[in-house]
Structures are given as C-alpha cells and as structure tokens.
**Q** 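Just passing along the structure, written as structure tokens.
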Amino acid sequence: MTDTRFDPSSADGRWQRAWEEAGTFTADSHSEKPKSYILEMFPYPSGRIHMGHVRNYTMGDVLARYKKMQGHEVLHPMGWDAFGMPAENAAMEKKVHPGEWTHANIEGMKKQLKGIGFALDWTREFATCDPEYYGHEQSLFLDLYEAGLVYRRSSEVNWDPVDMTVLANEQVIDGKGWRSGAEVEKRKLDQWFLKITDFADDLLDGLGELKDWPDKVRLMQENWIGKSQGLEFSFELSDGTKLPVYTTRPDTIFGASFVAVAADHPVAQSLVADPKVAAFIDECKKGGTTAAALETAEKLGYKTPITAKHPFTGTDLPVFIANFVLMDYGTGAVMGVPGHDQRDFEFATKYELPIARVVAKDVSLAQAPMGEEAEAGDGVIVNSDFLDGMNVEDAKADVIAKAETGGWGEGTTVWRLRDWGISRQRYWGTPIPIIHSPDHGPVPVPKDQLPVKLPDDIDFDTPGNPLERHPTWKHTTCPISGKPALRETDTLDTFVNSSWYFLRFASQPDDVPFDPAEIAKWMPVQHYIGGIEHAILHLLYARFWTRAMERIGKFDVKEPFAALFTQGMVTHETYELGDGSWLSPDEVRKDGADWVAIEDGAPVTAGRVVKMSKSKKNVVDPDAIIAEYGADAVRWFMLSDSPPERDLPWSQDGIEGCGRFVQRLWRLFQQLDTSATGEDPKVDRDLARKAHQAIVAVAEDIEALSFNKAVARIYELTGATEKAKPSESRNFAIRTLMSLVSPMMPHLSEEAWSQADGEGLIADADWPTHDPAMLVEDEVTIAIQHKGKLRDTITAPKGAAKEDLEALALASEKVQRSLDGAEVRKVIVVPDRLVNIVT
RNA sequence: GCGGGUGUGGCGGAAUGGUAGACGCCGGGGACUUAAAAUCCCCUGAGCUUUGCUCGUGCGGGUUCGAGUCCCGCCACCCGCACCA
C-alpha cells in the first residue's frame, strides 16, 4: 500500500502472464458446471487491431468473465479468418508469400489482443489457413457432396481481363475492376454451388425461433430469402411454343395487356437474327447497375412479331422484350398488368398499350378511370368475368385452382435466395477437393488423401490464378482409373471458412472436423457478438452450414447462435483542411473554440462524426492509447456512455476521464480499513444497501448487455463510497466495487485484490452475493403534485398508508399555497411514489 | 419505391404511464500549491418580475388525475433492400 498511482505499464503485463500461467481461461469440457459459449466474430488478420475490434471483444470479454464469476464453465475462444484477397494483394505488391504475410499479421495482432487482457482460451486458437483446418473443411465439403448438396453448373461471373480473375459483385465499381480499373466482362464459367435453396423454408422458419436476435437482422434475412407465392402458367405463343410466366397477382389476369421477356430469355435470343433485336438486347445490357441508374432508368421494350394467347379470353397479347424483366427471377417472363403494377403501368403508357381496371375500391367504381399511377392496393375484382365481386385473396386462389384443373399452370413458391456459388479463381483459399477425370468427370478426392494442400512455391508475377499456372500441382491421377487427371484449381469462398469455425472451436480432434459429443456440450453459442455488416451473408451461411450438418446427421443442433448481438461502430470527429484533405486527430489542436493544424496553424473544419477509416484519417490506434492509459481505461471507455448497439464516438476527453476513473478507484481500493468501527448506524446501513443494490443491478445490466448502465451504477456507488467515513459498510462497498468492476477492469481489480489479501485471482472469484433484505429502502421520497404538476416532495417511511400520505401532502405549505383555497375534488395516491391532488 | 430504426441539455446518454435530464464529458467558480500537475468542493436545460414562477423530451392533435413513455396525423435524419413481377 505504498504507491498512490496505479501503474498499468507494470500491472497489465504481470496479470496477463498470471492468467496465462494459471490457465485461468482454458475451458474444461469435462466440468460439471453449466456451460457458456461466448463468441465474438473472429478477425481477418489484416495487420493491426483497430478500435472496432477492441469494442467488440471487450463486450464479449465482460460477458465471459461475468459468466465465469456466476459459476459457469466458459468457452471464449479466438482465432483467425485467415484466407482472403488482401494476402494475395500483398503478395503481388510486396513480393511476400500470402502465408508469410498472414502469419506475421497474426503474430502481431495476437500480441495486441493479449495486451488488452482478454479472457480468451488461446489453447483453441487456429487460423483457417492452417492445413489442419482447411483439410477438415474439405472433408465436410465432400460429405455435403455425397449428400447431394453440392453441384456444378455453368454460371455467369464478373471477369477482370487484366487480373484474369473473377470478381465479386462488390469488387466491381462502375463496371470496372476495383484493382485493375479494367472494364469488367461477363463470362460463363463452370462453378460449384451449395444447395442453400434446399433450406430456404427451414432458414426462414428458423428465424421465428431466434428470439434473442435483433429484429432488424431477422427482417433482413427474411427479405433476403424473399419467399413469394403465386401462379406459374404458360402462354401459348403464335409460333406454337409455350412461354411460362410467374405472377403473384393471378387475380389481375383479366387486366393483362402484354407479355414481356428478359433480354437474355430464350424467346428473345431466338430472334437475334434480326439486327434490330440484337441491337436492342445490347442496349439492355449496357444499362447501369447502380442504384441511381435503376431509379431513373426508363422502361424500354421491343415489340416482337410473336403474340401470346390469353388463357381465359383467348385474346392475342403482344410479346415484348423488355429491359426491366430479370432473367434470374421467376421464369424470366411476365404478364403485364398495367392497371395494377407500377412498372407495367409506365411501360404501357410509353408504348400506348391498354390500361384496364380489374380491381376497384368498391364495385360501384368498376368503370372509374385509372389515374396517373397503377393501383397496387387491395379491393374487389371487377371487369373480370367469373372473378367479378371477389376479394383479391379469393380471386388469387380461384385462378390458381382453375389453372391447376385446366392443366395450364400451378400455384408455386418462388424464392429470391439463390444457391451459393462457392468457386473462386484464387490461390489463397481452401482448395476444392475434386479431381477432373477424363473418364469419370469430377471425382471427389478420397478422404485419406486429405488435406489437399496449397503449394508453397507460387508465382504472383503474372496475373491469373496461380494454382492454374503452377507447373505440377494440378497434375494428379484419377482415383478410380488411375489415369492422369487434373485437380480442380478453384478454391472455396472464404465465407465457407467462417461457416463452421465455431464448431471447430468447440471441439478439435485430429482425425475428424469435430466430435459430436463435444458439440452437444457447448453448442449453440450462447452469445454471438459482431458487426451488423454480417447480418446477411455470414450469418445466413453459418445457419445454412449448421442445418446442413444436422441434416446429414453430424449432430442435433439446428441453429448455431442462440443470441446475436450487433454492436455499433467506433466513430470519431473528422478534421478537414480548406483544400478538402483530411488531418488525423494528432495533427490538430483546439485553439479557443476553433480547430487548427498543429504544423502551420491553418484553420481546420471539425466535421461529422463518422466511422474510423483510413481515408478520413480519423483513426485512433489502440496500441498508442493503451501505452498511455493502460488496457483498463480503454476497456472502460468502450463500455461507457453509448448503448452498445449504437455508435460510440471516440474522444480524447473521454479516454482521459476513463484514465482518471481508474486512478480514482485505485485510491479508493487502498482505503480498506479493518479497524473501522462505523459512525452512524443509519448512514452505514444506507451505504451497505447501495452496495447490495448495485450487486443486483450491475448483474442485470451485464446480462442485458446494457454495459453503459452498469458503468453508471458503478460510478454512483463509487461516489457514495468515497463520501462515507470508514466503517464496515464502507469496506464492504469497496470490496463489492472491486468485484463489480473486475470483468471490465481486470488488471486493476487483480492488483487491488492481491493487495487486499484476496484469495487466488479475482478472475476465479465468485460474483458477490447480496442480501435480499438489504435491498429494501426504509424511507422513500414522495412527489406531491397539484393537477399533475410537481409542487413539493416529502420523505415518508416505506409502505406508509394512503391516508397518511394524503394527510402529509395536504400539510405541505407549498401545496397549500398552490391550492389557494380551491376545493379538493380528488386525491390520487400511488404508494411509495406520489400524491396527486386534483381540484 | 419497399422495409426498419432514431429524434431528450453544449455533447454521449438515464428514466416498470408517476419528481425529465441519473451517470459521464465539456464549461464556470473555489480550495490546496511559490507555481503547475494531480486531487477535492460548489454550480451548470431555457426564461422571468428569482423565498418562487413559467416553459421544456422533433412538430400538431388525442387518451389520462398524470404522457419522453400509449393512440392518430406529420416532419427530419440514419440504415438495409431495390425494376423480385
């Protein structure tokens, strides 16, 4: 009890080593305790930990440490989502091997994470680029292949002709490759797909059970899966063929005035011999794909010589090729009902096609003229023969029934969700374990030959897929015939890596991907924490993979993540010079109310608070902050003020405040006084009560992930404790605070715990117990209102009778002045809360 | 266009229909100090005729003894999806 300041530069590392040596956070699957699996989305090893990681992992860490204190056996692992393009880009730019680059980054980032004191079980660490990991992934891929959930087909891709590689949609910017700047081409390539659409219904229904997921994420997934029900039926065309179309509004079929097909629909393609058709199809493909382009895009059509026969009226409808019809949704062809679909309305207006009313608000409005827009709303069917007078829903059912009995159509469900294309023409990913045999086509690599390892001697000097170019790697033999054959040179989408890593964390035997018994012990993940940017892809793929594993009998878990939490971003003010360039926070200083550049005093505009990013230069490096204030101050900042789902604005003042609070607690923790006897019994009891209340409230707040509220309560108890004179209650409050802050400020707490002769590590200690009797107040403050307005407050014993409270209220001088002799008509008394006098 | 969210002091934000602004940051004043740092104390929504009163949770209505909270109608901003038939 000598030094008056807490020194994180000495204490942080000391306690981190103590936890490591004791194996404090190593999860024991044989433990009899209830199990908690706490997981944060594992990072891509880009090079440095950023504030977003710190916030994400601090939240998970508080939960993990808290659960441990509550007597749970906690699994809180960490690893690396290590395959991906940045490693290949680094290889091309810096001439380093992607593996070397990745492992160096992992080393650096691991050191950073350890320096923040996270309660992680490092014995389970792995990187997805380890052959031990991706070999098991190949084995799971083959299981899915055997189960018929993997198939191969030709598919259109974005092809960068300079880099000679396939680009994801996000990598195509204004039609150009994001790296090369080359005009992107559409190419047809043979690609592998996973049958995620087989699970569309399950994935949709499953959302209903995910009560502890944010509504927002569930809705986003629901929209992404995009279930739609309607009628698929065929028009007989004038050339004798049949044209299937899909509609969700079969009730409006009598309003159809044209038929339209997509530019790449077979009917359109059959007419390309006509140069005008060919020119129109080219025109359609040119159209921009940006949101703005689509917003203003004019509906364009080309009227073909073909006509389609209306199934009920027998009328011949013109068949158009139209730019607004998508080939990859439904059948790539639609019936146009201009009266009740806005796109069809615009199209019909432009090409002067009939716009008929077949739905009206009321039967009497059957002949009402159409307005300036389509009427997509509900109503009663009119001008539609046998459907007249029905409501929309009944009419839909009726038309579907007639189509089915007539044999020309059927009710169907159409999904927006597509099968998952997993082929990537890249080096730094999991090799797809398939051999292309000249005699037997694609043949799975026998499992005893796994893993199919990536070759290390790789040439990144020429563009294209290095696996394709490698002199020997792809040459092998057919597992069936033994004849020369070629390996698949595509690798798996990196989202495959992250679709099952949580299973491998729970169980990592050498011979198989995971042990079902261990999976049963730990899964599902109890709390999964990460960014909202993964709301659809990663979270949908992981759900699919888990269900696919369940379907092929690997285990009984259907949903991988029982509760999901999406945390907000860490943001920072931006600083802009007059010329539009940005300055970083350490290049500016405050000059009175204004900001100026430190270098030359140039005026700086402090701009919007936005996500930390290199381009805006508003990034703050965690390492520098930890070096200055210690890990606990940064962790405390990450939990303070902003609710965790909202954005957290970083500020220098804020971190300084957190640094001060660490020291303030340290001073308080050194004031344990075993000789203290207390002073005023009531004052002592009040402080003890506050401590007991905090034990309950902070626990509730942490369980609700309301860390900002837990923080506020700890501040309150700290303030009250500081003010109190030495007493047993005060010692109790100090010890309580030590425990309550320990999940958040573990280093400070360990240091204080050891100085206070605490047994073992505070990380192994229990959450403090509270005395329920001590939670109850014996005095309450009662608000006195006159006509709903506050006039006075009085102190009364808890549980005082209504009549007593009413009498006390009326006795108040302030109340009497406000009443000013008016007749009291009614008095409302809410026990222990308030009295409202109505005149 | 469709879907979702948010709106409370200078700022981040609290508040089972019951004392709006807890807690933190910024700011102001003071104590200690030769001085600074550190620390401690007080003040800090707006206005007014200041023992106190009035107004105040994006705007306009409503329900209620009582509304930040519930209902109806608007506005603004943010996010997601987007020619999905």
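Below, read A as the first sequence line, B as the second, and so on, with proteins coming before strands; counting in each chain starts at 1. Model, not experiment: these values are computed from the prediction.
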**Q** Within this structure, what is the CH2-to-P distance between A:Trp650 and B:C25, rounded to whole angstrom?
**A**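 Going from CH2 in A:Trp650 over to P in B:C25 covers 15 Å.
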**Q** Angle class for the A:Phe320/A:Phe347 ring planes (parallel below 30°, perpendicular above 60°, tilted otherwise)?
**A**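 Correct class here is perpendicular.
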**Q** Would you check, one step at a time, whether the test side chain to side chain donor-acceptor pair (under 3.5 Å) holds for A:Gln693 with A:Arg713?
**A** CA-CA 10 Å; A:Gln693 287 170 338; A:Arg713 290 190 199 282; over 6 Å; no
**Q** Indicate syn or anti for B:G80, taking the glycosidic torsion and treating anything within 90° of 0 as syn.
**A**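 Base orientation relative to the sugar is anti.
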**Q** Would you say A:Arg418 reaches B:C84's phosphate, i.e. side-chain N/O to OP1/OP2 under 4.0 Å?
**A** no
**Q** For a 4.5 angstrom cut-off between non-hydrogen side-chain atoms, does A:Met569 reach A:Lys611?
**A** yes
**Q** Compute the ring centroids of A:Trp666 and A:Phe661, then answer whether they are less than 6.0 Å apart.
**A**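 No, they do not, as the ring centres are separated by 6.0 Å or more.
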**Q** Is any side-chain N or O of A:Lys299 under 3.5 Å from a base N or O of B:C83, one able to act as donor and the other as acceptor?
**A**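 Check passes, donor-acceptor contact within cut-off.
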**Q** Please state how far atom CG in A:Leu665 lies from atom C1' in B:G24, giving the value in whole angstrom units.
**A** 14 Å
**Q** When the P atoms of B:G28 and B:U44 are considered, how many whole Å apart are they?
**A**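 Their P atoms lie roughly 16 Å apart.
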**Q** Would you kindly compare A:Arg833 and A:Trp415 by the position of their nearest RNA chain B nucleotide and give the one closer to the 5′ end?
**A**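 Result: A:Arg833.
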**Q** Write down the distance between CG (A:Leu326) and P (B:A82), rounded to a whole number of angstrom.
**A**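 Computing the A:Leu326:CG to B:A82:P distance gives 11 Å.
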**Q** Hey, does the side chain of A:Arg646 come within less than 4.0 Å of B:G13's phosphate (OP1/OP2), counting only N and O?
**A** yes
**Q** To the nearest angstrom, how far is A:Glu222 atom CD from B:G80 atom C1'?
**A**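 It is 14 Å, rounded to the nearest whole Å.
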**Q** Assert yes or no for the condition that the ring centre distance of A:Phe312 to A:Trp408 is strictly below 6.0 Å.
**A**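 Between A:Phe312 and A:Trp408, the centre distance is under 6.0 Å.
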**Q** Just N and O in the side chain of A:Tyr329: are any of them under 4.0 Å from OP1 or OP2 of B:A85?
**A**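 Checking B:A85 against A:Tyr329, a side-chain N or O does come within under 4.0 Å of OP1 or OP2.
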**Q** Could you give the CH2-to-C1' distance, from A:Trp636 to B:G12, as a whole number of Å?
**A** 15 Å
**Q** Extract all donor-acceptor atom pairs below 3.5 Å that involve side chains of residues 791-806 of chain A and protein atoms in other chains or at least two apart in sequence.
**A**
from, atom 1, to, atom 2, distance (Å)
A:Arg791, NE, A:Ser818, OG, 3.3
A:Asp792, OD2, A:Ser812, OG, 2.8

**Q** What is the distance from CZ of A:Phe258 to C1' of B:A85, rounded to the nearest Å?
**A**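 Taking CZ of A:Phe258 and C1' of B:A85, I get 10 Å after rounding.
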**Q** Does the pair A:Glu346 and A:Lys350 meet the rule for a salt bridge (Lys or Arg N to Asp or Glu O under 4.0 Å), with working shown?
**A** CA-CA 6 Å; A:Glu346 288 169 32; A:Lys350 182 170 168 76; over 6 Å; no
**Q** Distance check needed: B:G80 C1' versus A:Ile532 CD1, whole Å only.
**A**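 Rounded to whole Å, this separation is 8 Å.
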**Q** For nucleotides 55-57 of chain B, which of its nitrogen or oxygen atoms have a protein nitrogen or oxygen under 3.5 Å away, and what is each distance?
**A**
from, atom 1, to, atom 2, distance (Å)
B:C55, OP2, A:Lys789, NZ, 2.9

**Q** Take atom P in B:C71 and the same atom in B:C83, then report the distance between them in whole Å.
**A** 34 Å
**Q** Take A:Thr248 and A:Asp215, find for each the nucleotide of RNA chain B with the closest heavy atom, and name the residue whose nucleotide sits nearer the 5' end.
**A**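 Per heavy-atom nearest nucleotide, the more 5' residue is A:Asp215.
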**Q** Between the base of B:C25 and the side chain of A:Asp653, is there any donor-acceptor pair under 3.5 Å?
**A**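 Looking at the base of B:C25, it does not pair with any donor or acceptor on the side chain of A:Asp653 (distance under 3.5 Å).
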**Q** In whole angstrom, give the distance that lies between atom CG of A:Asn223 and atom C1' of B:C2.
**A**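 Going from A:Asn223 (CG) to B:C2 (C1'), I get 9 Å.
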**Q** Is the A:Trp420 to A:Phe495 ring centre distance short of 6.0 Å?
**A** no
**Q** Take N1-N3 plus N6-O4 or O6-N4 for Watson-Crick, N1-O2 plus O6-N3 for G-U, both under 3.5 Å. Which runs of 3 or more such pairs involve RNA chain B?
**A**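 Stems (3+ consecutive pairs) listed as B:1-7 with B:75-81, B:10-12 with B:23-25, B:27-31 with B:39-43, B:45-48 with B:52-55, B:58-62 with B:70-74.
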**Q** Without swapping roles, check the side chain of A:His340 against the backbone of A:Glu375 for a donor-acceptor pair under 3.5 Å.
**A**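 Yes.
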**Q** When you check the phosphate oxygens OP1 and OP2 of B:G52, does a side-chain N or O of A:Arg791 lie under 4.0 Å from one of them?
**A**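 For B:G52, neither OP1 nor OP2 has a side-chain N or O of A:Arg791 closer than 4.0 Å.
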**Q** Which word best sums up how the rings of A:Trp636 and A:Tyr715 line up, parallel for under 30°, tilted for 30 to 60°, or perpendicular for over 60°?
**A**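 Ring orientation of A:Trp636 relative to A:Tyr715: perpendicular.
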**Q** Answer yes or no: does a side-chain N or O of A:Asn708 lie under 4.0 Å from OP1 or OP2 of B:A14?
**A** yes
